[in-house]
K.L.:
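Sharing a structure here in structure tokens format.
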Amino acid sequence: MVAMSNPLQSTPAPAVQGDAVDDALQQVEHQLSLLWRRARSISHQLSRQVHPDMEPAAYGLLTVIRREGPIRLTDLASCIGVGKPSVSRQIAFLESIGLVYKEADPQDGRAQSIRLTDKGEEKMHQVQDARRQVFRERLGEWPLEDVKTLADYMGRLNAVYGDGLLKDGGLKEAESGDDTDAEASGAGSSETAD
């Protein structure tokens with residue numbers, strides 16, 4: 001009798017290869033943790049440049065509103081992956097300091113769209129220009145191909161995390177704290193990196 005192999009059973013990878021993969025993933029995790037901590041710090045600094053009492057979460061909302069244009073509260077909450085009550089509280093603050101305003105949604109008169117005021121646009125323009133200058137200073141010595149490769153890899157990573165985080169309740173809760181610009185950030189999140 002001839003022994004037949006089962007194509008559904010795979011041969012386990014050698015332990016050495018598994019260790020190498022684990023080591024590489026630990027390095028990725030370490031570097032991402034470092035990047036996220038720095039992104040939170042930068043987000044805090046940027047939000048204070050817009051207004052001394054602003055939380056980083058509110059700055060993250062401003063970046064999304066600036067990029068997307070007029071946006072409904074529910075769409076904004078969905079875009080950054082947090083609940084409407086958190087977004088509503090931040091929008092109320094931003095409205096009270098004159099950076100955003102609500103208007104009737106042209107597609108549905110019962111709903112409201114949120115948009116930046118002229119003051120909000122000006123503040124965001126100033127802060128984001130300063131942030132881009134820092135990127136130029138820190139990455140300006142890199143070859144252009146390396147910068148493009150970094151952007152491509154970060155885009156791939158953000159796509160993987162964007163698909164997986166919202167499905168996993170534990171990770172969604174961890175991401176949905178007040179640190180919505182991690183999207184960051186600018187660095188931690190593609191949603192808010194502009």
Side-chain angles (χ1 to χ4, degrees), residues 32 34-82 84-106 112-144 146-155 157-158 161-162 175-194:
L32 281 175
L34 185 59
L35 181 64
W36 286 332
R37 284 193 307 271
R38 289 179 176 159
R40 280 192 299 271
S41 176
I42 290 168
S43 179
H44 183 77
Q45 292 170 10
L46 292 172
S47 65
R48 297 297 188 235
Q49 288 177 16
V50 174
H51 189 277
D53 296 327
M54 183 181 292
E55 295 177 16
Y59 175 80
L61 294 176
L62 288 174
T63 61
V64 173
I65 296 167
R66 185 171 195 225
R67 185 183 63 239
E68 300 295 324
I71 188 170
R72 291 181 186 186
L73 184 73
T74 53
D75 295 334
L76 183 57
S78 175
C79 185
I80 60 170
V82 299
K84 281 177 37 178
S86 295
V87 173
S88 183
R89 179 177 62 83
Q90 294 296 336
I91 292 298
F93 170 76
L94 293 171
E95 205 172 12
S96 75
I97 61 172
L99 299 179
V100 300
Y101 68 97
K102 296 176 186 172
E103 64 183 2
D105 188 318
Q112 292 183 319
S113 289
I114 302 161
R115 66 170 53 228
L116 293 179
T117 61
D118 290 341
K119 176 183 174 184
E121 183 65 43
E122 179 184 333
K123 285 283 197 182
M124 291 302 290
H125 181 73
Q126 291 170 353
V127 170
Q128 290 179 341
D129 280 355
R131 185 184 64 186
R132 283 189 188 98
Q133 183 58 37
V134 170
F135 277 128
R136 282 185 198 97
E137 290 169 4
R138 298 203 178 157
L139 299 178
E141 299 296 319
W142 287 29
L144 180 58
D146 287 358
V147 175
K148 288 179 178 180
T149 299
L150 175 63
D152 288 343
Y153 282 139
M154 291 177 78
L157 184 64
N158 280 319
Y161 272 85
E175 184 181 68
S176 68
D178 276 346
D179 206 17
T180 58
D181 189 22
E183 308 195 132
S185 154
S189 172
S190 68
E191 301 292 339
T192 58
D194 292 333

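For the numbers below, each heavy atom of this structure counts, side chains included, while hydrogens, waters and symmetry mates do not.
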K.L.:
Counting only heavy atoms not in E141 (residues, nucleotides, ligands), do more than 12 fall under 6.0 Å from its CD?
P.N.:
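No, not enclosed.
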K.L.:
Could you give the distance from CZ (R37) to CG (L35), rounded to the nearest 0.5 Å?
P.N.:
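Rounded to the nearest 0.5 Å, the CZ-CG separation comes to 10.0 Å.
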K.L.:
Got a second to check how far R131's CZ is from Q49's CD, nearest 0.5 Å?
P.N.:
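Nearest 0.5 Å value for the CZ-CD distance: 10.5 Å.
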K.L.:
Any donor and acceptor pair, going by atom type alone, linking the side chain of S96 with main-chain N or O of F93 inside 3.5 Å?
P.N.:
yes
K.L.:
Output the distance between atom CD (Q90) and atom CD1 (I80), rounded to the nearest 0.5 Å.
P.N.:
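So the gap between those two atoms works out to 8.5 Å.
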K.L.:
Could you walk me through whether E55 and R89 pass side chain to side chain contact (heavy atoms under 4.5 Å, CB included), step by step?
P.N.:
CA-CA 11 Å; E55 295 177 16; R89 179 177 62 83; 3.5 Å; yes
K.L.:
If every non-hydrogen atom of L61 is compared with every non-hydrogen atom of L94, which pair is closest and at what distance?
P.N.:
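Heavy atoms only, the tightest pair is CB-CD1, 4.4 Å.
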K.L.:
Would you compute the distance between atom CD of Q126 and atom CG of L46 and round it to the nearest 0.5 angstrom?
P.N.:
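Between atom CD of Q126 and atom CG of L46 there are 12.5 Å.
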K.L.:
Does T117 use its side chain to pair, donor to acceptor, with the backbone of L99 at less than 3.5 Å?
P.N.:
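Side chain of T117 to backbone of L99, a donor-acceptor pair under 3.5 Å: yes, one is there.
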K.L.:
Does any part of the side chain of T63, heavy atoms only, come nearer than 4.5 Å to the side chain of Q128, both counted from C-beta?
P.N.:
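Contact flag for Q128/T63 side chains = yes.
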K.L.:
Report the distance from atom CZ of R115 to atom NZ of K102, rounding to the nearest 0.5 Å.
P.N.:
14.5 Å
K.L.:
Please check if the side chain of K119 supplies one atom and the backbone of I97 the other of a donor-acceptor pair under 3.5 Å.
P.N.:
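The answer is yes, because a donor-acceptor pair under 3.5 Å joins these two groups.
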K.L.:
Any side-chain heavy atom of L157 sitting closer than 4.5 Å to one from L32?
P.N.:
yes
K.L.:
Minimum heavy-atom separation for P56 and S47, please, with both atom names.
P.N.:
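Closest heavy-atom pair between P56 and S47: N-OG, 3.8 Å.
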K.L.:
Using the rule given for side chain to side chain contact (heavy atoms under 4.5 Å, CB included), can you reason through H125 versus D129, listing the C-alpha separation, both sets of side-chain angles and the distance that settles it, and then say yes or no?
P.N.:
CA-CA 6 Å; H125 181 73; D129 280 355; 3.0 Å; yes
K.L.:
Before giving the answer on side chain to side chain contact (heavy atoms under 4.5 Å, CB included), spell out for I65 and I91 the whole-Å C-alpha distance, their side-chain angles and the decisive distance to 0.1 Å.
P.N.:
CA-CA 11 Å; I65 296 167; I91 292 298; 3.9 Å; yes
K.L.:
Just so I know, are the side chains of V87 and K84 near enough to count as touching, which here means a heavy-atom distance under 4.5 Å?
P.N.:
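Of all side-chain heavy-atom pairs linking K84 with V87, none is under 4.5 Å.
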K.L.:
Take a 6.0 Å sphere around CG of D152 and say whether it holds more than 12 heavy atoms from other residues, nucleotides or ligands.
P.N.:
yes
K.L.:
How far does CE of M124 sit from CG of L62, to the nearest 0.5 angstrom?
P.N.:
5.0 Å
